[in-house]
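A, B, ... follow the sequence lines: proteins, then strands. Residue 1 opens every chain.
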Amino acid sequence: MAVSSLTRALGALLLSSAPSLPQRAQHPRLVCLGGNLLPACHGFSTSSTLSTDNPMWKCRIKYTTRPIGMKKTGGRDHTGRITVHGIGGGHKQRYRMIDFQRLRYVPGAESGPYEEKVIQVRYDPCRSADIALVAGGKQKRWIIATENMQPGDLVKTSGHIGRMAVSANEGDAYPLGALPVGTLINNLESHPGKGAQYIRAAGTCGVLLRKVNGTAIVQLPSKRQMQVLETCIATVGRVSNIDHNKRIIGKAGRNRWLGKRPRSGLWHRKGGWAGRKIKPLPPMKSYVNLPTAAARA
Amino acid sequence: MAGLWWPVRPAAGALRAWGPRGPHRGKTVQAPRRPLPRTPWTTRGPPPGAPLPRSWQDKRPVQEQIPGLEQVTYADKQHFVPWLARPRHPRWERGWHDPRHSPGLRYEAMPLYKERVCYVCHQRTKMLEGVRQALWLTKTKIMEGLPPKVLSIIDEPANQLENQDERVQNAISHARLWNTTELIPKRESYCPVLLEDLLHLCRTMASKYPSLSKRMLARDYKVAAIWERESSMLQVRGMNGILLNAINPLLPVASKDEILATENQILETFHPISPTIDLQEVNVYEERNDTGFREGYPYPHPHTLYFVESANIRPTRFRPEQLRAKMLMFAFGNALAKAKMLYGDDPKVLEHPVVVQSIGTEGRIFQFMVFQLNTTDLASSDGVKNLVWIDSDQYMYDYIRYLPGIRKKVVKFPPGIYGYRPDTFKKFLALYLHGAVQDSTQNKIL
């Protein structure tokens with residue numbers, strides 16, 4: 001007991017916490033499936049059974065183009081309770097590992113702009129956009145398809161920022177600093193090398209508004225403006241499946257096929273959250289660490 | 001206006017109730033042009049360069065910070081308590097090498113490990129670019145249709161069975177209708193049965209041409225061939241199909257002029273895709289050239305390879321393009337292994353080219369191929385190339401009707417074969433007879 005209190009006191013003095021998760025060996029084709037691999041088995045073992053099956057079907061480290069079987073959660077988390085309502089059922093889906101980091105150099109190949117050929121454009125059950133199988137060199141990978149991508153097209157990926165802006169074709173990926181102001185872009189990264197996390201839904205596109213000494217300002221589809229470093233890669237054009245928002249569901253059953261459960265039928269009085277809101281735009285989100293005034297002076 | 005319960009909106013153009021007062025009254029508020037000043041309301045987090053708060057700083061474990069400090073675990077207590085650390089036990093060692101429970105060597109420690117990567121084509125390799133990729137890998141020139149030698153065998157009326165069409169249709173019906181008691185048999189059951197029946201029909205010609213009896217079928221044999229192709233090492237390995245061996249080799253199909261004319265052909269590349277895509281990269285391999293048969297086998301020369309594509313599920317089944325590529329690769333592998341056995345490992349242009357035929361089917365569609373290996377000098381892309389004649393997508397019949405089509409209580413479409421084409425079996429038979437039939441109209445080697 002004394003030892004435990006001693007360690008607790010030491011822990012309070014020092015900057016200690018649980019040791020960080022062991023880093024998996026960084027495979028060059030490591031695709032981060034939904035962030036870090038969560039500790040599925042927690043650090044303690046009890047005599048009672050855990051309340052739910054291990055929900056982590058995301059166990060694969062090596063990249064593959066073959067579809068992987070998914071386990072549906074039904075809105076439940078690791079405790080087994082519903083955390084998000086309205087999810088459940090729906091058609092079985094298989095996950096295709098999408099490579100969001102467009103500028104990915106194969107180890108051994110020289111760095112520089114490279115081309116890839118589009119082999120196939122197909123429907124993905126896990127997202128609203130279509131996906132395209134592209135092949136370059138000795139590898140094949142899935143990427144988010146842009147509006148007019150057809151099988152047989154050549155798409156270029158480059159990491160070089162020249163003095164003059166490039167006249168980019170749709171489907172090519174360039175750093176924001178190399179694109180002319182006013183291009184429509186999609187699959188945008190917030191930090192260079194992180195992988196695309198913005199503007200991935202069907203039919204969306206962002207606009208490159210201006211380029212300001214080493215950073216670029218992009219307008220997202222929600223009209224919010226975002227400032228990122230100019231070395232962040234983005235794909236040119238609109239995302240595929242542009243008529244996605246014009247589709248008519250038609251019946252309740254189709255929503256059930258999509259995995260959406262009906263909402264509660266209980267009548268609630270609408271509170272402050274309801275109704276149309278007219279607000280000024282939120283301020284520009286900056287993912288760039290600009291030097292402080294004190295450092296500049 | 002008193003007593004109204006809805007909020008009163010000011011008239012259009014009037015001043016907003018919440019706008020600026022004083023000298024700026026009436027001015028519309030613009031968004032500030034310059035970036036917002038750094039105030040607690042416009043920024044989040046510490047400014048760059050400033051020290052991070054305690055909870056955001058990198059934390060090293062206590063054990064690293066205080067040397068010699070041990071974690072107190074609940075191992076001695078033999079049960080979990082939440083305030084002690086989880087015991088990490090050392091990995092249990094068996095103490096002796098149990099071959100059934102050992103993890104195996106790493107790739108780098110294996111005796112056959114090599115630094116240089118080798119690309120292997122095996123029986124499940126589905127090549128992305130199909131035949132074009134196989135042509136580049138085997139340094140081959142493609143010719144559409146079967147060679148004229150084989151076509152002349154088809155045209156001769158003496159090279160046909162009695163009641164050929166009827167017997168072939170019986171074979172198809174046997175495979176697809178009469179073989180099982182279930183109504184619609186699966187491809188796995190009818191495809192090999194069909195091939196066996198067609199081979200049996202071909203063998204009945206042995207009474208007319210006695211040299212047909214000097215042949216033997218071989219199944220489940222493994223071929224190995226290795227070659228260099230423009231700084232990549234390529235291999236063909238594994239079980240491929242049913243091989244028809246013969247005592248006498250097939251004579252070259254193309255004339256010397258045609259072989260020399262292939263020197264001008266430029267092999268087709270497909271930038272940006274590398275020609276070794278979809279091949280398995282291995283570092284642990286053995287450089288072996290093996291026909292699959294030992295010395296002294298009475299039927300030493302490969303004649304025809306039969307490929308049966310009978311996977312039930314469509315994604316696993318080879319598409320016609322991929323099947324043709326597989327046929328080409330394995331015909332080449334067998335020919336190369338035989339050539340290296342006969343003429344040695346040195347890359348050279350062959351005096352007597354090796355000819356291997358190949359037939360692939362998935363029960364209805366047949367692919368015919370005649371491959372002639374002219375050279376084993378495959379490292380460079382210039383020079384004499386090999387030749388292949390491909391006749392692709394030959395339908396033996398259009399479809400089978402399992403249930404009768406009854407309209408107004410009259411059987412209008414009886415069950416059976418629909419759209420039978422006799423030419424396909426004639427080509428099948430011609431490829432079988434090739435090498436045993438002496439053509440009087442043509443010279444053997446031009």
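In plain terms, the two heavy atoms of P272(B) and A135(A) that are nearest each other are CG-O, 4.3 Å. Closest heavy-atom contact between K140(A) and I277(B): CG-CD1, 3.9 Å.
Contacts between E116(A) and chain B at a heavy-atom distance below 4.5 Å involve the backbone alone (N, CA, C, O). With a 4.5 Å cut-off on non-hydrogen atoms, L128(B) touches chain A through its side chain but not through its backbone. Contact of E281(B) with chain A is made through the side chain alone, with heavy-atom distances under 4.5 Å.
By the 6.0 Å contact criterion, CZ on R124(B) is enclosed, its count of non-hydrogen atoms from other residues, nucleotides or ligands being greater than 12. The local environment of CD in E108(B) is crowded, with over 12 non-hydrogen atoms from other residues, nucleotides or ligands closer than 6.0 Å. The number of heavy atoms from other shown groups lying within 6.0 Å of CZ (R106(B)) does not exceed 12. When the shell of 6.0 Å around OH of Y107(B) is examined, it contains 12 or fewer heavy atoms from other residues, nucleotides or ligands. In the displayed structure, K156(A) atom NZ is contacted under 6.0 Å by at most 12 heavy atoms of other residues, nucleotides or ligands. The number of heavy-atom neighbours closer than 6.0 Å to NZ of K270(A), taken from other residues, nucleotides and ligands shown, is 12 or below.
Taking the side chain as every heavy atom from C-beta outward, H271(B) and L154(A) never approach each other to under 4.5 Å. The shortest distance between side-chain heavy atoms of F270(B) and K117(A) does not fall below 4.5 Å.
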